[in-house]
There are 2 protein chains.
Amino acid sequence: MGKRDTEAAGTESPVQFSVDRNSPVPLYFQLSQQLEAAIENGRLAPGSLLGNEIDLAGRLGLSRPTVRQAIQSLVDKGLLVRRRGIGTQVVHSQVKRPLELSSLYDDLEAAGQKPATRVLLNTTTEANAEVAAALGIAEGAEVALVERLRLTHGEPVAHLRNHLPAGLLRLETADLEETGLYRLMRSAGITLHSARQAVGARAATAEEAERLDEAEGAPLLTMQRTTFDDTGRPVEFGSHVYRASRYAFEFQLLVRP
Amino acid sequence: MGKRDTEAAGTESPVQFSVDRNSPVPLYFQLSQQLEAAIENGRLAPGSLLGNEIDLAGRLGLSRPTVRQAIQSLVDKGLLVRRRGIGTQVVHSQVKRPLELSSLYDDLEAAGQKPATRVLLNTTTEANAEVAAALGIAEGAEVALVERLRLTHGEPVAHLRNHLPAGLLRLETADLEETGLYRLMRSAGITLHSARQAVGARAATAEEAERLDEAEGAPLLTMQRTTFDDTGRPVEFGSHVYRASRYAFEFQLLVRP
DNA sequence: GAGGTCACAATGTCCGGACAAGGGGGGTTG
DNA sequence: CAACCCCCCTTGTCCGGACATTGTGACCTC
């Protein structure tokens with residue numbers, strides 16, 4: 001009886017947003033960024049309702065499709081959940097970042113470690129059967145070969161062996177010592193699109209043990225990865241070995257609905 | 001001069017689609033499924049153009065937004081690539097399935113292996129610090145504990161230890177021997193939404209070696225995973241050990257644009 | 001009081017249109 | 001002949017509206 005009809009239902013959100021129509025950045029993107037920031041810093045509490053799309057659109061002077069596009073992008077990121085008949089609510093946190101095509105260099109840097117790289121080899125060679133199959137080229141064809149040792153605090157973490165199609169990109173040893181391979185590829189105009197990975201484990205050979213400062217037979221984490229650009233062309237085949245005592249893969253993933 | 005204006009530009013696709021407006025399944029979904037099937041079986045060749053959205057909409061009697069929604073869902077899956085000013089192309093194959101929240105049981109079954117499960121333990125216990133932190137509950141609180149040995153062809157592949165919040169779900173040993181844990185959770189109405197995983201490696205302890213029929217010190221692949229439902233509530237914490245000689249994680253992933 | 005029924009609220013789907021932005025090709029111009 | 005410019009094609013963004021579908025809660029009935 002004494003209830004006002006506009007009274008919010010408890011977990012409603014009073015956060016205000018605004019968009020700039022003169023900005024060249026799309027309206028839906030402006031909104032999604034503001035929403036994401038509000039979720040990130042807790043102004044939009046986990047579990048709280050977002051308020052219905054119609055009102056939100058009205059308050060911002062946007063159309064519903066635009067608002068929906070903004071919300072959808074965050075649903076895709078796993079930050080929001082839509083429930084028909086209920087509303088859109090903020091996921092109960094714990095979600096950080098979904099799995100990306102992780103660069104070891106970026107991973108280490110993000111973890112606060114200061115990664116260093118020692119280039120062991122930067123040359124060309126003939127593709128063996130495995131490399132040829134991964135890169136979709138003929139066996140014996142010329143490919144670029146890079147072998148690197150990745151270190152943090154002066155300690156080796158991983159041995160990285162990468163094969164790239166010939167002529168794709170000019171790799172300077174100096175650049176490789178400075179940053180990660182993916183960054184170099186991206187700045188060369190290559191758009192990384194997808195990758196196929198296999199992660200396993202095996203015991204260290206004598207040579208690997210020597211290189212990584214481990215005992216022979218110590219458990220190592222292995223990863224093989226073929227990366228494709230947006231045309232589906234293989235642009236890189238990596239065969240990496242990590243010291244299990246110093247590195248593990250961590251990632252978040254979403255369930256495809 | 002002698003060119004007809006409707007002449008396709010070489011790599012155009014002549015594939016026909018159709019939608020049923022009386023079906024309850026959404027129009028955009030009908031179209032995206034047909035597109036996906038056409039890509040899967042090669043009728044839409046890798047690299048070929050899809051034809052512009054306007055025409056496609058016109059031919060199907062749909063609006064452009066609906067067609068775009070269908071196409072977008074396949075772009076999200078990594079099957080298509082859009083280029084402004086050019087058109088939408090089929091990715092040059094190699095893409096199979098992006099990473100899903102993989103169930104070992106489903107993985108093995110999909111690989112043609114016939115997985116079997118031996119339940120070693122199905123009880124409740126008090127959460128230790130690690131489990132409590134993962135499930136977001138108090139240390140010492142009661143949790144369900146399941147330990148299973150997963151086998152193929154009579155050979156052990158992995159030892160699986162799972163902790164679940166008390167009262168979430170009634171786990172019958174008989175069911176656990178028949179199928180995977182995730183299937184049981186899903187059929188209990190729990191919607192799995194996201195997971196946080198860590199994959200590493202270590203040497204087998206004497207007990208693990210015994211259980212998995214490996215030598216002591218053999219390299220093992222380890223995974224720890226906390227799974228969340230769509231409200232962000234932790235619903236499962238798994239601590240698994242795989243025989244590196246018989247199993248590796250394989251997955252495809254997309255680069256977030 | 002327990003049950004079902006109905007209205008409401010919210011997202012899901014779909015339409016038709018409009019203009020902007022980027023890429024490519026062809027024509028024009030030097 | 002080459003460089004530049006302009007036009008056209010395609011996707012990107014955005015709008016306003018319409019109806020369907022699905023949870024929820026209140027109301028009514030038994």
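Naming: A, B, ... by sequence-line order, numbering from 1 per chain. Below, each value reflects all heavy atoms present in this structure, side chains not excepted, and no hydrogens, waters or symmetry copies.
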* nucleotides 15-25 of chain D: protein proximity per nucleotide (B base, S sugar-phosphate only, - neither; heavy atom, under 4.0 Å) -> BB-B--BBSS-

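Atom CG in A:L56 sits roughly 16 Å away from atom C1' in C:dA9 (whole-Å rounding). The separation between B:L50 atom CG and D:dT11 atom P is 8 Å, rounded to whole Å. Atom C1' of nucleotide D:dC14 and atom CG of A:L60 are separated by 14 Å, given to the nearest angstrom. Between the CG atom of A:L80 and the C1' atom of C:dA10 there is a distance of 15 Å, given to the nearest Å. As a whole-Å value, the separation of A:N52 CG from C:dG12 C1' is 14 Å. The nearest whole Å value for the distance from the CD1 atom in B:I54 to the C1' atom in D:dT11 is 9 Å. Atom-to-atom, CD of A:Q69 to C1' of D:dT11 comes out at 13 Å; the value is rounded to the nearest Å. In this structure, B:R82 places its CZ atom 18 Å from P of C:dA21, rounding to the nearest Å.
Partners of A:Q33 under the side chain to side chain contact (heavy atoms under 4.5 Å, CB included) rule, at least two apart in sequence or in another chain, are A:F29.
Between the side chain of A:Q89 and the backbone N or O of A:G47, at least one donor-acceptor pair lies under 3.5 Å. For B:Q252 (side chain) and A:S194 (main-chain N/O), no donor-acceptor pair under 3.5 Å exists by modelled atom type.
Between B:R68 and D:dG12, a side-chain N or O to OP1/OP2 separation shorter than 4.0 Å is present. Phosphate proximity of D:dT13 to A:Y28: present, with a side-chain N or O under 4.0 Å from OP1 or OP2.
As judged by a 4.0 angstrom heavy-atom cut-off over every strand, A:R83 is placed among residues touching the sugar-phosphate backbone only.
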I'd like a list of close polar pairs between nucleotides 4-8 of chain D and the protein, N/O only, cut-off under 3.5 Å.
none

* To do: Evaluate the side chain to side chain contact (heavy atoms under 4.5 Å, CB included) criterion for residues A:L31 and A:T66: first the C-alpha distance (whole Å), next the side-chain angles of each, then the deciding distance (0.1 Å), finally the verdict.
  => CA-CA 9 Å; A:L31 177 54; A:T66 303; over 6 Å; no

* **Evaluation steps, side-chain hydrogen bond (donor to acceptor under 3.5 Å, both in side chains), between A:Y182 and A:E236** => CA-CA 10 Å; A:Y182 282 2; A:E236 179 249 347; 3.0 Å; yes

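Using a 4.5 Å cut-off on side-chain heavy atoms (C-beta onward), A:L62 and A:V19 make contact. Considering only heavy atoms from C-beta on, B:I71 comes within 4.5 Å of B:V67 through its side chain. When side chains are defined from C-beta on, A:V131 does not count as touching A:T125, because their heavy atoms never get closer than 4.5 Å. Contact of the B:V90 side chain with the B:L79 side chain is not registered, since no non-hydrogen atoms from C-beta on lie closer than 4.5 Å.
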